[in-house]
Amino acid sequence: MSCHKPEVETATLNARDGLDHNPFAAMQPRAPARTPDALRNGARVKSNDVIPQGVYLPNYNRLTPNMRSPEYVQMSTAAAITLGIMKGQMYRCSCTRCLNLLLTYPEGCRANCAYCGLARHREAERDYADRNFIRVDWPAVPLDMTIDTVARDPGKSPFHRMCISMITHPRSDEDTVSVLKRWTDRIDPSAIPVSILSNPTTMTRADVKRLRDLGADIFTVALDAATPEIFERTRGKGVQSPHSWQKYWEILLDARDIFGPQKFGAHIIVGMGETEREVLALVQRLVDLGGHSHMFCFFPEKGSLMDHLPATPRDQWRRVQLGRYLIDYRGARVEKMSFDSEGRVSDFGLPRDQLDEVIDAGVAFRTSGCPGKFAEDVSACDRPYGDSPPSNIASYPFQPNKRDIGKIRRQLRIVERRH
Ligand code: SF4
């Protein structure tokens, strides 16, 4: 097993009609099909009722066991390889620094986000624990076994952070608390800090506070969409999904109050139809509130309602990656940047030598997320190849080398300066 999968979607990596960005009109999701009643709510898994035995590796030729959090969690392929429960190699990475744990239930996530491989509309086609998510499989593992392995020597663990990813499910709030408690009972959160990737739709301010009081370090909200219109179209009524922009912001602002500066953030997917000006204005708003943005490059996830759409062209993505890094970590401001008539960055508002220094340092083009132990601007959550294939990397899960920087410069169309 490797993260270096052959790609069937390669054609969609190129912008449509020669465009160097994904405009709103081109990014309309498909409408979800109706799931037959007999297949709803994990009915197949519950009626087969196969008793789980240890680790479950997604396998479409076997009956999926009946697994539930908090006893079971799913983890990314990268985390499973790092933990030693799956064999495999990742292109140019020896491990991941973040143990991403995803809550799991036969009923799965009850939301229907258009870009997501875990969405509810897939019920008829694939059981929840077998669905691909950010381009990889997510093995299901007993939580206690995972904690036992890490608790043997947390100080020497390859993981710099653990993250609990909530999903939209009636049990998700309580089970997130249970997973956090079981973890912090055995593993000192100062050795491996914990982040929460929240599900605002089912949460209250009191839930946010409870997670902070139990030792969570950082709280993030997956806004994913950069504008209310894109949110509604991809995560709200547009796809029969329960989320609302207003509720997500309510919980985000609760997190700002409760977790405090630098301890909250938002996920944003770039290239679902927003302009570069819009997404960088959102990044600025988050920084002005005291938080950070964690960026993902849109990729057409197989089986999702957007799997027919083009991935974000690399020039759009690189401009936003660079702009976001400058705002988040170098004190730049969106008002000082210039944009063309289509909202694309035409000037970052910095002297050329300063811009060159940031580009050459390469950190701006690494995966963004909650920090690990290396530096504040280097994410523990490196999500190897979660938003691109290794053949055309969007978020670098490692430090880009000189050759990578040359490629990034060509994508940015900012040529190397001759000294
Ligand atoms: S709430 Fe999260 S896990 Fe559920 S469909 Fe939406 S993006 Fe996917």
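All of these numbers come straight from a predicted model, not from anything done at the bench. FYI, side chains are in, hydrogens and waters are out, and symmetry mates aren't considered; it's all heavy atoms of this structure. By convention here, the first residue in the shown sequence is residue 1. One-based numbering, in listed order, for ligands and for the atoms of each.
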**Q** Say whether Asp173 and Thr202, considering side chains only, have a donor N or O and an acceptor N or O under 3.5 Å apart.
**A** yes
**Q** With a distance cut-off below 6.0 Å to the six-membered ring centre and an angular limit of 45° from the axis, does Arg383 pair with Phe296 as a cation-pi contact?
**A** yes
**Q** Between Asp382 and Thr367, do the side chains contain an N or O donor and an N or O acceptor separated by less than 3.5 Å?
**A**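 Not at all, the side chains of Asp382 and Thr367 share no donor-acceptor pair under 3.5 Å.
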**Q** Verify the distance criterion only: is there a donor paired with an acceptor across the side chains of Asp127 and Thr64 at less than 3.5 Å?
**A**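 Result is yes, a qualifying pair exists.
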**Q** Counting each atom of ligand 1 from 1 as listed, which ones have a heavy atom of Arg235 under 4.0 Å away?
**A** 1 (S), 6 (Fe), 7 (S)
**Q** Name the one of Arg314, Arg318, Gln321 that satisfies side-chain contact (heavy atoms from CB on, under 4.5 Å) with Ile408?
**A**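 Passing option: Arg318.
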**Q** So, is the end of the Arg233 side chain (NZ or CZ) under 6.0 Å from the ring centre of Phe24 and within 45° of the ring's axis?
**A**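 Cation-pi check for Arg233 and Phe24: passes.
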**Q** Classify the angle between the aromatic ring planes of Tyr248 and His243 as parallel (below 30°), tilted (30 to 60°) or perpendicular (above 60°).
**A** perpendicular
**Q** Below 2.8 Å, which protein N, O or S atoms neighbour atom 4 (Fe) of ligand 1, ignoring water?
**A**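 Near atom 4 (Fe) of ligand 1, the protein supplies Cys109 SG.
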**Q** Which protein heavy atom lies closest to atom 1 (S) of ligand 1, and at what distance to 0.1 Å?
**A** His243 NE2, 3.3 Å
